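Please read the structure below before turning to the comments.
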Amino acid sequence: MKKKKAEDSIRAGCGINITDSISLTFNNKYRINSRILLILTTIAGITGFTLSFLSLFEFECSRKMLFASETAVFILSAFFCMFPSKARNLNFLIYIAWGYGIYKKITDFALGYGIFVNIISEKIKVKTGTVYEIPADTDKYLCLTVFLVFLFTLLIPIICYNTIVKPRFIVIFLVTFPFIETGLMFGFSPHHIAFALLISYWVAVFAMRIAGNQYHTESGKPVFVRKKNIFVSSGNLRNNVIEDIGIITLLSVFSFFLVTAGIINAFGISRPEQINDKRKELKANSVFSVEKLISDIINPDTAIPPEEKSRLGDLPEISYMNKTDLIMTITEKPEGMLYLKGFVGTEYRNNSWYALSKETEKEYKDLFADFKSTGSYPQYFNFANDSFIAGLRPEKISKYSITVNSRLLLNPYAYTPYSISRESDLVPELDRHFTVKNKSNNYSYDAYLPHDMFLSTGLIADHLYDLPTMRDLSDAENAYRDFVYKNYTILPDIPEIGMLKDEYTYIPEYNGYNVNDIYIAIRRLLRENAVYTLEPGYTPQDSEITYYLLKESHKGFCSHFATAAVVLARMKGIPARYAEGYIVAPSDFAGAEKLESGRYKLDVKDSRAHAWAEFYIDGYGWLPFEFTPGYDLGIIAAENEANKKTQPEVTEAPETEPAPVETVTEAVTEAAAETVIVTVPVPAVPETEAVTADASSASPSSPDDNTRGTVPTVLEALLKVLIAVLALIIAVVAVIIAKHVYVVGKRARSFRTDSNSESMKNLYRYALDLLEHISITRGNMLPLEFAVYADEQTEGLTEKGSMTELVKLALKAGFSRDDLTDDELDFARKTVTSLADSIYAGKTRKEKIAFRFIKNLHG
Amino acid sequence: MIRSKIIYLIILTGMILFYILFVDSMSLMILVITLLFPFLQLFILMRISRSITAVLSTESASVQKSTPSKIIVKIRNSSLLPVSCAVVDLSIMNTLTGEVQPLTTMLPVSSDNDQSVKFSVSYAHLGKVQIVLKSIKIFDYVKLFSKTIKCSISQDITVVPTYTPVSPDVRTKQINMNENDEFSKIKPGDDCSEIFNIREYAYGDKLNRIHWNLTTKLDELMVKEYSLPVSSQIIIVFEFCSDRESKNMFYKNDAAIETAMALSYYMTRNSISHKIAWYDPRTKLFHTESITSENDFSDFLSAVFSSGTYTDTCSAFLHCRAESRDVHYSHEIYISPVISDELFHNFSVLTNASHKTFLYINDSAIIPGYFTDSETTRAIAVDFDNIEEGLNQVIV
């Protein structure tokens with residue numbers, strides 16, 4: 001009677017029944033053993049990986065020993081991998097031997113590890129000196145060899161297994177790529193042929209994986225998997241195809257490499273300039289960096305908002321995109337340098353500048369309350385405040401009306417000169433900077449700008465005594481003076497600062513009148529010991545930036561010089577602080593558009609971003625002092641547009657020549673290590689220690705980019721890898737959980753369809769999956785025979801007879817005209833749930849995870 | 001394929017970034033390889049596609065209902081490059097019932113090799129099954145591209161009915177005729193127009209039956225046995241309609257043919273000459289096939305399956321009645337999966353047959369009250385799932 005019941009399904013086309021029986025025959029003669037092809041592919045991969053890695057860091061070790069040990073382990077592992085089924089697990093014997101070897105050679109291994117880390121850190125220059133102290137009598141050659149032998153032999157069985165037994169691209173890539181990436185990340189190029197071999201191997205395994213997508217059943221399962229009327233070949237179908245594909249892909253990609261390399265070399269194809277520009281643009285835009293992330297994690301000050309701090313040293317180089325950050329209109333062209341101040345760094349620690357801490361703010365709350373109540377903010381104290389200027393120096397100061405339109409994404413500050421009137425859209429922020437009232441991008445103010453160049457170039461100290469005699473200070477100014485002398489002379493209590501203090505005793509201490517002497521001395525000191533470059537490299541996390549600049553790296557950009565100047569000034573007792581913003585030279589206005597209103601419009605580019613030092617001078621307030629080479633007397637390195645393309649970045653300071661000089665500028669292109677010598681004409685500098693700088697390299701990254709670096713040490717590099725691995729693990733776990741939730745949800749929904757019969761069928765399918773998981777399969781048994789068999793096999797897991805009942809209900813659902821009752825469905829649901837729970841309960845923790853999240857059979 | 005393309009685009013983007021950020025000729029090489037890789041795959045694919053041929057065959061030309069039979073697809077790859085994935089697309093269609101079943105297999109094909117894939121298929125209904133190898137779609141090694149090789153190779157299989165034996169206790173009644181064109185093959189008679197047999201003389205044989213010429217030649221008395229004229233006017237008419245509204249229609253049709261075949265087979269084995277008649281909706285003709293041996297069955301089935309089904313449920317009956325007015329049958333057996341009061345009445349009042357049997361193929365549903373035996377008409381309900389029971393009630 002079954003036929004009658006199945007009529008409906010027959011109408012749908014089921015009168016033609018395709019049975020599960022499918023067979024495949026193929027001619028297997030003349031075939032090279034497929035495993036040999038896989039072994040050849042694996043050999044290529046291991047060779048490529050080993051040679052690429054060794055070529056990256058040029059380890060001094062016994063290559064013969066390394067290759068011999070690799071060969072031995074490879075032969076053993078490949079041999080085990082060619083065994084059938086579980087015998088492949090003999091690979092673990094290799095790891096037991098490996099562990100024993102480590103145990104016996106633990107000292108050499110540990111020393112080798114230290115040497116290995118030292119070599120890498122030295123090579124990638126994240127740390128000068130050594131990370132690990134290695135005893136002098138250590139045989140470095142031997143220890144490094146031992147370490148590398150263990151390192152490579154650790155990886156070989158993994159590579160073998162995941163190529164010969166089952167091609168798994170992800171595993172292969174994760175095992176090999178991080179080692180290569182360590183070098184690539186820092187710009188080192190591996191041996192081309194070896195790396196080409198490795199890449200060819202990756203592509204081959206990838207192709208094998210994709211081609212063998214159908215290779216996903218476990219051993220013991222049929223060679224074809226059926227899904228409705230689609231038969232997909234499974235992993236047990238070994239007809240040499242993926243092996244052939246592996247070797248064909250490997251050879252073809254490798255050949256392509258060789259041909260491409262030949263063509264590139266023969267025709268001398270080099271990188272277009274646009275690509276280099278694009279590279280700089282990309283790097284300049286890379287707000288996110290792993291170093292920054294690590295630094296944020298390990299630095300307890302992460303709670304501080306980004307606009308309240310400025311980190312230094314985490315950018316190995318800076319570049320700019322020549323984009324407009326600010327559009328400024330001004331009534332007259334100013335004659336002096338215009339320092340547009342934004343961020344002000346007060347407290348200095350951990351190579352970072354911070355705004356005034358909350359504690360200090362609280363301590364001086366009365367002082368700041370007075371500012372607020374009287375409107376006498378320190379921002380108005382300086383030499384240009386209106387009453388002072390109007391009364392004492394009217395002939396040297398002019399009033400300018402300025403409007404600013406900010407194109408920056410974030411606008412935590414209003415960028416202002418040092419002398420603005422109280423009537424404006426701006427709000428003074430304690431003693432530091434201004435903010436815009438309504439957070440608008442547009443604001444305007446009146447500024448009092450000096451006619452004389454010197455007043456704004458940091459050379460004010462030379463002319464300090466030309467200025468009017470210090471007037472009597474108001475009460476507010478006096479109170480603030482005390483605050484300044486107490487808080488703006490604090491330096492971190494670290495050995496480097498102490499060493500600098502001991503060394504630079506020849507610089508006079510500040511006595512209230514010798515700012516000029518100290519200024520000149522610091523300026524000379526900086527220029528004698530450091531040069532300006534856009535690519536100073538990382539500053540190690542454990543090195544103080546001033547010490548590192550003066551004693552180790554001897555190169556930096558404006559942030560480094562400004563910080564060093566502030567530190568040295570504070571050391572000598574001058575209240576000083578760090579400022580960031582933009583600098584505009586009179587020459588910038590040469591091409592400024594004159595508007596109908598008579599105002600001049602100027603685009604302030606990102607290349608005008610700058611950092612400088614501020615000294616507090618009694619009676620004058622905070623004044624900008626310039627210490628960065630190249631920023632003198634209206635000269636900004638970026639002015640020289642012609643030099644932009646050649647990117648001369650490291651400059652040497654000429655000595656005491658006041659006449660125009662020619663500076664030899666050496667630029668090292670980044671990875672090709674081609675040295676270009678460029679001659680840059682530079683105007684005369686009236687100071688003995690004046691230096692010139694590359695015209696295009698005068699800026700730190702944009703002031704709103706608060707990613708002034710951390711110092712990646714070797715630990716950080718390792719931490720970075722760890723974080724990447726962790727991120728990957730988290731991603732994988734997230735995917736697994738998402739899949740689990742999806743599968744379980746879908747299954748639960750399938751048990752609650754409108755038709756009880758349909759729900760029952762789904763329950764039965766789930767029950768079959770569960771039974772199959774515990775190796776109870778139906779095979780050729782009739783349904784009810786299978787039910788009895790399942791009942792016997794699941795004794796203890798389910799109630800006796802429940803499986804028979806379940807099968808009967810499934811048969812009813814499949815072949816009866818009547819729908820199942822709710823009670824019957826409920827019974828089936830309980831039976832299946834109970835079966836799943838019982839199976840789950842009987843598993844170990846690991847098996848439970850696999851059962852629940854990998855197989856998705858519970859939950 | 002989409003996934004592979006997305007992966008490739010991601011890799012390509014990564015390689016472009018790598019090229020921009022990594023200042024070394026290696027990055028350019030990798031970018032070039034990444035760009036050229038799809039072309040390499042395309043080249044391989046095109047190369048392989050020219051080397052792939054396929055042949056479709058079946059294990060046998062006919063198969064019994066519900067008995068698995070093999071469909072064999074032989075793929076030949078004459079190239080030295082293997083195929084990572086070939087999707088073989090088949091379509092199986094019963095032309096009589098209109099049932100269609102697609103069949104697809106995805107498998108790798110080795111280089112320079114012949115691969116045969118055998119599928120096992122069984123058919124629940126009678127008819128002519130057409131198997132078509134539509135196409136073979138092959139992919140490159142990373143599934144970026146695919147190429148479909150059109151095949152359109154077809155093979156036919158005839159699904160023949162299962163023979164249902166009729167029990168030996170079926171009552172038979174041979175009707176002797178004085179004159180006829182057809183003679184019994186098992187019994188001698190007295191019609192001198194046809195010699196049934198020649199044998200040696202036996203005591204009691206009439207002298208006028210002695211075959212003198214043969215006696216002279218053999219030097220032994222030989223006698224002629226004359227044939228027995230028999231009635232050949234037994235006709236089996238069956239309806240092969242497809243009433244889509246009716247449940248189990250395909251099974252009823254199968255049962256109708258099987259019933260007709262069982263009766264015919266029985267009569268053939270017992271040397272009872274008879275005819276089978278059915279309606280051909282394509283030609284709109286009523287066909288009559290004289291069945292004298294088992295060999296006639298294949299022609300009959302072929303003709304029936306070619307005719308196909310029709311929706312007018314009593315077409316065969318109406319045509320039979322119209323075309324047989326001048327013919328007298330000793331027995332008319334009418335097999336139909338549908339019944340109505342009017343149909344049964346019209347069958348009952350037929351005058352061109354001495355005996356009439358209405359075999360109603362049903363699905364154990366309630367038999368209507370009017371479906372009863374009368375003096376000349378016998379009404380038999382045949383369960384389509386068990387036709388043997390109904391057949392045993394037939395008197396030939």
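Numbered from 1 within each chain, the chains take letters A, B, ... in sequence-line order. From a predicted model like this one, the values you see are computed outputs, not experimental measurements.
Looking at every heavy atom in both residues, B:Leu40 comes nearest to A:Ser252 through CD2-OG, 3.5 Å. When all heavy atoms of A:Asn17 and B:Ala124 are compared, the pair lying nearest together is ND2-CB, 4.4 Å.
Heavy-atom distances place the side chain of B:Ile33, and not its backbone, under 4.5 Å from chain A. The contact between A:Ile230 and chain B is made by backbone and side chain atoms together, counting heavy-atom distances below 4.5 Å. For A:Ile245, the parts lying under 4.5 angstrom from a heavy atom of chain B are both the backbone and the side chain. With a threshold of 4.5 angstrom between heavy atoms, A:Leu184 approaches chain B through its backbone and through its side chain. Contact of A:Ile248 with chain B is made through the side chain alone, with heavy-atom distances under 4.5 Å. In this structure, chain B has no heavy atom under 4.5 Å from any part of A:Val259. Both the backbone and the side chain of A:Ser189 come within less than 4.5 Å of a heavy atom in chain B. Contacts between B:Tyr19 and chain A at a heavy-atom distance below 4.5 Å involve backbone atoms as well as side-chain atoms. B:Ile30 touches chain A through backbone and side chain together, each having a heavy atom under 4.5 Å away. For chain A, the nearby part of B:Lys70 is the side chain; its heavy atoms alone come within less than 4.5 Å.
In this structure, B:Met29 CE and A:Asn265 CG are separated by 6.0 Å, a value rounded to the nearest 0.5 Å. To the nearest 0.5 Å, atom CZ of residue A:Phe169 and atom CD1 of residue B:Ile7 are 9.0 Å apart. Expressed to the nearest 0.5 Å, how far CD1 of A:Ile16 lies from OG of B:Ser91 amounts to 8.0 Å. Distance check: B:Ser110 OG to A:Asp244 CG gives 7.0 Å after rounding to the nearest 0.5 Å. Note that CE of B:Met26 and CZ of A:Phe257 are 5.5 Å apart. Values are rounded to the nearest 0.5 Å. Considering OG1 of A:Thr260 and CG of B:Leu28, their distance stands at 8.5 Å, rounded to 0.5 Å.
The 12-atom threshold is exceeded at CZ of A:Phe173, counting heavy atoms of other residues, nucleotides or ligands nearer than 6.0 Å. Within 6.0 Å of the CG atom in B:Leu9, the count of heavy atoms belonging to other residues, nucleotides or ligands exceeds 12.
In this structure, A:Thr249 and B:Phe37 have side chains that are in contact, with non-hydrogen atoms separated by less than 4.5 Å.
When B:Thr104, B:Leu107, B:Val88, B:Thr105 are each tested for a side chain to side chain contact (heavy atoms under 4.5 Å, CB included) with A:Phe231, only one passes: B:Thr105.
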